[in-house]
Amino acid sequence: MELTALRWRDDRLELLDQRLLPAETRWLTLQTAAEVAAAIHDMVVRGAPAIGISAAYGVVLAAQELGNTASADQLAPAVSTLAASRPTAVNLFWALERMQRTMAGLHGAALIEALTREALRIHEDDRAMNHRLASFGVPLLPENGRIYTHCNTGALATGGHGTALGVLRSAWAAGRIRGVIAGETRPWMQGSRLTSWELMQDGVPVTLVADSSAGHLMQRGEVQAVIVGADRITANGDTANKIGTYALAVLARHHGIPFYVAAPLSTIDPALASGDSIVIEERDGNEIRCIQGKPIAPAEVPVFNPAFDVTPGELITAIITEHGVIRHPGTDTMAAHLATVNDDH
Ligand SMILES: CSC[C@H]1O[C@H](OP(=O)(O)O)[C@H](O)[C@@H]1O
């Protein structure tokens with residue numbers, strides 16, 4: 001059975017609590033929009049697409065609570081609560097906007113039914129889209145290469161299969177690559193706790209490494225390409241992704257190694273001209289002072305804990321979406337890609 005981070009069952013949202021993986025598999029059942037917003041903020045569920053899908057179901061839960069009084073106006077507070085859960089991944093706001101467009105002219109049971117259909121569509125579309133995205137990404141990877149990836153961009157971060165990790169899953173299944181190197185991804189350890197766990201379940205050869213060894217591995221010729229996900233891509237191809245991504249892009253450029261970003265169209269934010277405008281989430285300092293709640297630093301030491309950084313488009317070899325490949329990301333190539341999408345839809 002395909003691994004999933006979330007499921008909609010009996011009109012309730014069930015989330016796999018990713019804070020406990022890989023030691024414990026525990027599902028939480030959520031009944032309100034406020035519970036979903038808290039789960040997103042606390043990273044019970046994380047990953048840009050998975051955050052958007054969860055927020056969409058959060059709107060359905062809010063509408064169910066309102067019942068016959070459900071309307072766009074009545075749902076506005078719940079939408080605002082969900083929108084405030086995390087600031088960087090644009091998929092959250094994209095999904096909420098799709099749900100708001102669905103509300104037009106509907107009330108009560110009809111509104112609840114329409115919102116439920118839309119949330120399920122967002123969920124199913126994401127899983128199908130990841131497989132299409134992977135089909136464009138696999139041919140880009142060096143044959144028999146070992147590919148470095150950062151953070152977690154798999155089934156646990158999306159509606160299923162994954163973005164960057166979806167490309168790697170499909171590449172392994174196609175016999176294209178010989179394995180994956182997963183960076184542990186401090187401080188939240190998505191690489192060690194989630195990516196290595198996902199890949200081992202699928203029998204994909206994975207080697208877990210400390211983030212700090214990435215340059216050494218590239219210098220020794222152990223890495224043939226890097227592929228990562230994204231949380232927000234601006235009109236000129238600048239890409240916000242998990243903290244540490246920018247350093248990997250600089251290292252890859254220095255060593256002449258291709259650097260790919262895999263992300264759905266819902267992660268592209270053409271309203272922002274460049275990465276300078278992206279809000280970078282700062283998280284609690286104890287995520288760095290502690291590991292799994294155990295102190296590894298003085299309790300009062302000042303901490304700076306940005307959850308993301310921005311990689312300039314000129315350091316990215318190509319951005320892979322479900323619609324194709326954007327080589328040499330920049331304002332013109334991004335606009336051309338989006339134009340072909342509009343032409344096809
Ligand atoms: C396809 S997931 C995209 C993105 O989300 C992750 O961040 P977080 O775990 O904090 O939600 C990471 O940046 C992934 O690359």
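For ligands, and for the atoms within them, numbers begin at 1 and follow the listed sequence. Side-chain atoms are counted along with the backbone in the values below, which use heavy atoms only and exclude waters and symmetry mates.
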Does the N or O separation between Gln190 and ligand 1 drop below 3.5 Å for any pair? yes

For atom 13 (O) of ligand 1, the protein heavy atom that lies nearest, with its residue and separation: Asp231 OD1, 2.6 Å

For atom 11 (O) of ligand 1, what is the closest protein heavy atom, and at what distance to 0.1 Å? Gly47 N, 2.8 Å

Is there a heavy atom of Glu281 sitting under 4.0 angstrom from any atom of ligand 1? no

Does Asp231 reach the main-chain N or O of Ala89 with its side chain, forming a donor-acceptor pair under 3.5 Å? no

Can you tell me which residue and heavy atom of the protein come closest to atom 14 (C) of ligand 1, and the distance to 0.1 Å? Asn241 OD1, 3.5 Å

For the residue pair Arg232 and Trp94, would you count it as a cation-pi contact if the rule is NZ or CZ under 6.0 angstrom from the ring centre and within 45 degrees of the ring axis? no

Considering Ala263, Ala157, Ala230, Pro49 one by one, which has a heavy atom nearer to atom 3 (C) of ligand 1 than any of the others? Ala230

For atom 12 (C) of ligand 1, find the nearest protein heavy atom and state the residue, atom name and distance (0.1 Å precision). Cys151 SG, 3.3 Å

Can you list the atoms of ligand 1 that are under 4.0 Å from a heavy atom of Arg86? 8 (P), 10 (O), 11 (O)

With no hydrogens and no angle check, is any side-chain donor or acceptor of Thr185 less than 3.5 Å from a backbone partner on Gly183? yes

Out of curiosity, is Ala307 lining ligand 1, as in a heavy atom under 4.0 Å away? no

Does ligand 1 have an atom that lies less than 4.0 angstrom from a heavy atom of Trp188? no

Arg283 and Glu281 ion-paired at < 4.0 Å: yes

Any donor-acceptor pair under 3.5 Å linking the side chain of Arg193 with the backbone of Gln18? yes

Do Arg253 side-chain atoms and Glu314 backbone N/O form a donor-acceptor pair below 3.5 Å? yes

Considering only heavy atoms, which of Arg232, Met43, Gln18, Arg46 lies nearest to atom 6 (C) of ligand 1? Arg46

How close does the nearest protein non-hydrogen atom get to atom 1 (C) of ligand 1, and which residue and atom is it? Thr163 OG1, 3.3 Å

Decide, yes or no, whether a salt bridge links Glu198 with Arg169 under the criterion of side-chain N to carboxylate O below 4.0 Å. yes

Are His123 and Tyr57 near enough that their ring centres are under 6.0 Å apart? yes

Say whether His150, considering both its backbone and side-chain N or O atoms, lies within less than 3.5 Å of an N or O atom on ligand 1. no

Is there a donor-acceptor contact under 3.5 Å from the side chain of Asp202 to the main chain of Val204? no

